[in-house]
Protein chains: 2
Amino acid sequence: MLPTLEEFLIQLRNKKFRLSKERLNTLKYLYENQCHPTADQIHNALHKDMPSLSKTTIYNTLNALVKIKAVRAISIQDNEIRYDIIVKNHGHFKCECCGTIFNFEISIDDFPSHRLEGFQINDRNVCFKGICPRCLLNKNNSD
Amino acid sequence: MLPTLEEFLIQLRNKKFRLSKERLNTLKYLYENQCHPTADQIHNALHKDMPSLSKTTIYNTLNALVKIKAVRAISIQDNEIRYDIIVKNHGHFKCECCGTIFNFEISIDDFPSHRLEGFQINDRNVCFKGICPRCLLNKNNSD
DNA sequence: GTTCCTGCAAAAGCTTTGCAGAAGA
DNA sequence: TCTTCTGCAAAGCTTTTGCAGGAAC
């Protein structure tokens with residue numbers, strides 16, 4: 001469903017998206033870590049190998065990618081924005097305990113929306129919250 | 001489905017939630033304006049009749065209500081938190097043009113979640129984005 | 001050679017915190 | 001009376017903006 005990184009980069013180049021090494025690394029990170037990172041998480045991860053990398057550049061890159069619809073910005077809670085290489089048909093589950101966001105398969109396009117006649121739907125999001133299996137286990141063990 | 005405001009207030013009182021006039025007005029606003037306002041919108045609306053009302057108090061009230069699960073905090077996008085008297089079985093539609101958030105009926109509880117076995121689901125959210133009928137109309141008229 | 005990107009510093013928003021005085025139960 | 005709320009000021013975070021130098025095409 002998701003193209004290879006190379007195919008993805010070609011698509012971006014066709015959209016006149018300039019591929020600096022900062023942008024390449026950001027894309028590579030998003031591609032390899034489909035864990036819905038925040039801008040800060042991306043910056044922390046890339047900073048090790050690119051000490052000069054600025055957070056402004058991360059924001060600039062992410063905003064540019066969102067604008068050309070190559071990446072989706074989701075805000076599930078906590079006033080923080082998370083970024084996601086676009087993959088179809090999935091929902092998000094955020095663990096209220098460890099903060100991890102999980103994807104799960106769901107055919108959102110089949111989702112009934114007969115109550116929205118007259119609306120133009122551009123984006124569909126399904127976000128659940130709760131506690132993930134690992135945190136449930138830890139909780140039970142500590143009881 | 002939603003209890004009357006009076007019933008709602010009794011429930012809160014039972015939860016040891018103190019009903020100052022600032023809190024009463026905030027609750028009344030949330031009850032009468034189920035439009036998912038931001039803290040700022042609530043403050044603006046109430047400020048007219050209560051010039052001394054502070055935003056800190058709005059935040060305090062909203063956070064307290066969220067903690068006792070009388071109100072839900074949703075973040076759909078734009079790094080802003082919106083607040084919602086809890087009503088079951090509805091989804092949200094945010095117009096990307098005018099920013100309005102619409103409710104629509106949807107049985108979220110029946111939503112298939114067989115991919116989430118082992119997860120404890122506490123909250124389910126469905127958020128669509130797009131353009132509302134009124135903005136679509138304005139757009140067509142200006143073409 | 002243009003155009004656009006990078007990164008610093010500063011600014012802008014929204015939300016939280018500390019604290020003294022005031023109000024609810 | 002005791003506990004909790006209010007509101008000011010200040011701080012904390014995340015994100016955006018302005019701008020000069022530098023890199024991509």
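Below, chains carry the letters A, B, ... as their sequence lines are ordered, and counting in each starts from 1.
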- Query: Any side-chain N or O of A:Ser20 less than 4.0 Å from the OP1 or OP2 oxygen of C:dT6?
  - Reply: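 For C:dT6, OP1/OP2 do have a side-chain N/O of A:Ser20 under 4.0 Å.
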
- Message: Does a side-chain N or O of B:Arg23 approach OP1 or OP2 of D:dT6 to a distance below 4.0 Å, or not?
- Response: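 For D:dT6, OP1 or OP2 has a side-chain N or O of B:Arg23 closer than 4.0 Å.
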
- Would you mind telling me which of D:dT15, D:dT16, C:dT17 lies closest to the side-chain atoms of B:Thr56?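 Of D:dT15, D:dT16, C:dT17, C:dT17 is nearest to the side chain of B:Thr56.
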
- Task: Just compare C:dT6, D:dT15, D:dG7 and give me whichever is closest to any side-chain atom of A:Thr57.
- Result: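 Per side-chain heavy atoms of A:Thr57, the pick is C:dT6.
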
Could you tell me the separation between the [atom1] atom of [X] and the [atom2] atom of [N], rounded to a whole number of Å?
X       : N      : atom1 : atom2 : value
B:Leu53 : C:dA22 : CG    : P     : 18 Å
A:Leu24 : C:dT6  : CG    : P     : 10 Å
A:Leu19 : D:dA24 : CG    : P     : 10 Å
A:Tyr59 : C:dA12 : OH    : P     : 18 Å
A:Glu80 : D:dG12 : CD    : C1'   : 15 Å
B:Ile68 : D:dT4  : CD1   : C1'   : 14 Å
B:Lys21 : C:dG24 : NZ    : C1'   : 11 Å
B:Asn63 : D:dT6  : CG    : P     : 12 Å

- Message: Heavy atoms only, 4.0 Å cut-off, all strands: where does A:Ser52 land among base, sugar-phosphate and nothing?
- Response: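 Since only primed, P, OP1 and OP2 atoms lie under 4.0 Å of A:Ser52, the category is sugar-phosphate.
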
- Taking everything shown except A:Lys67 itself, do over 12 heavy atoms lie less than 6.0 Å from its NZ?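 Check fails, neighbour count at 12 or below.
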
- Message: Between the opening five pairs and the closing five pairs of the helix from C:dG1-D:dC25 to C:dA25-D:dT1, how far apart are the helix axes, to 10°?
- Response: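 The end axes of the helix from C:dG1-D:dC25 to C:dA25-D:dT1 are about 50° apart, to the nearest 10°.
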
- Side-chain donor or acceptor of B:His43 paired with backbone N/O of B:Leu53 under 3.5 Å: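 Such a contact is found between B:His43 side chain and B:Leu53 backbone.
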
- Message: Would you say the ring centers of A:Phe128 and B:Phe119 fall short of 6.0 Å from each other?
- Response: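 Judged by ring-centre distance (under 6.0 Å), A:Phe128 and B:Phe119 do not meet the cut-off.
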
- Query: With nearest nucleotides of DNA chain C determined for A:Asn60 and B:Arg13 from heavy-atom distances, which residue corresponds to the more 5′ nucleotide?
  - Reply: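 Result of the comparison: A:Asn60.
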
- Message: Distance check, rounded to the nearest 0.5 Å: B:Thr61 atom OG1 versus B:Leu24 atom CG?
- Response: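 Reported to 0.5 Å precision, the distance equals 10.0 Å.
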
- Rounded distance [0.5 Å steps], CD in B:Gln41 versus CG in B:Asn33: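 Nearest 0.5 Å value for the CD-CG distance: 9.5 Å.
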
- Item | Ion pair A:Arg13/A:Glu6, N-O distance below 4.0 Å |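 Salt bridge flag = no for A:Glu6 with A:Arg13.
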
- Can you find a heavy atom in the side chain of A:His36 that is under 4.5 Å from one in the side chain of A:Asn103?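 With C-beta onward as the side chain, the pair touches.
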
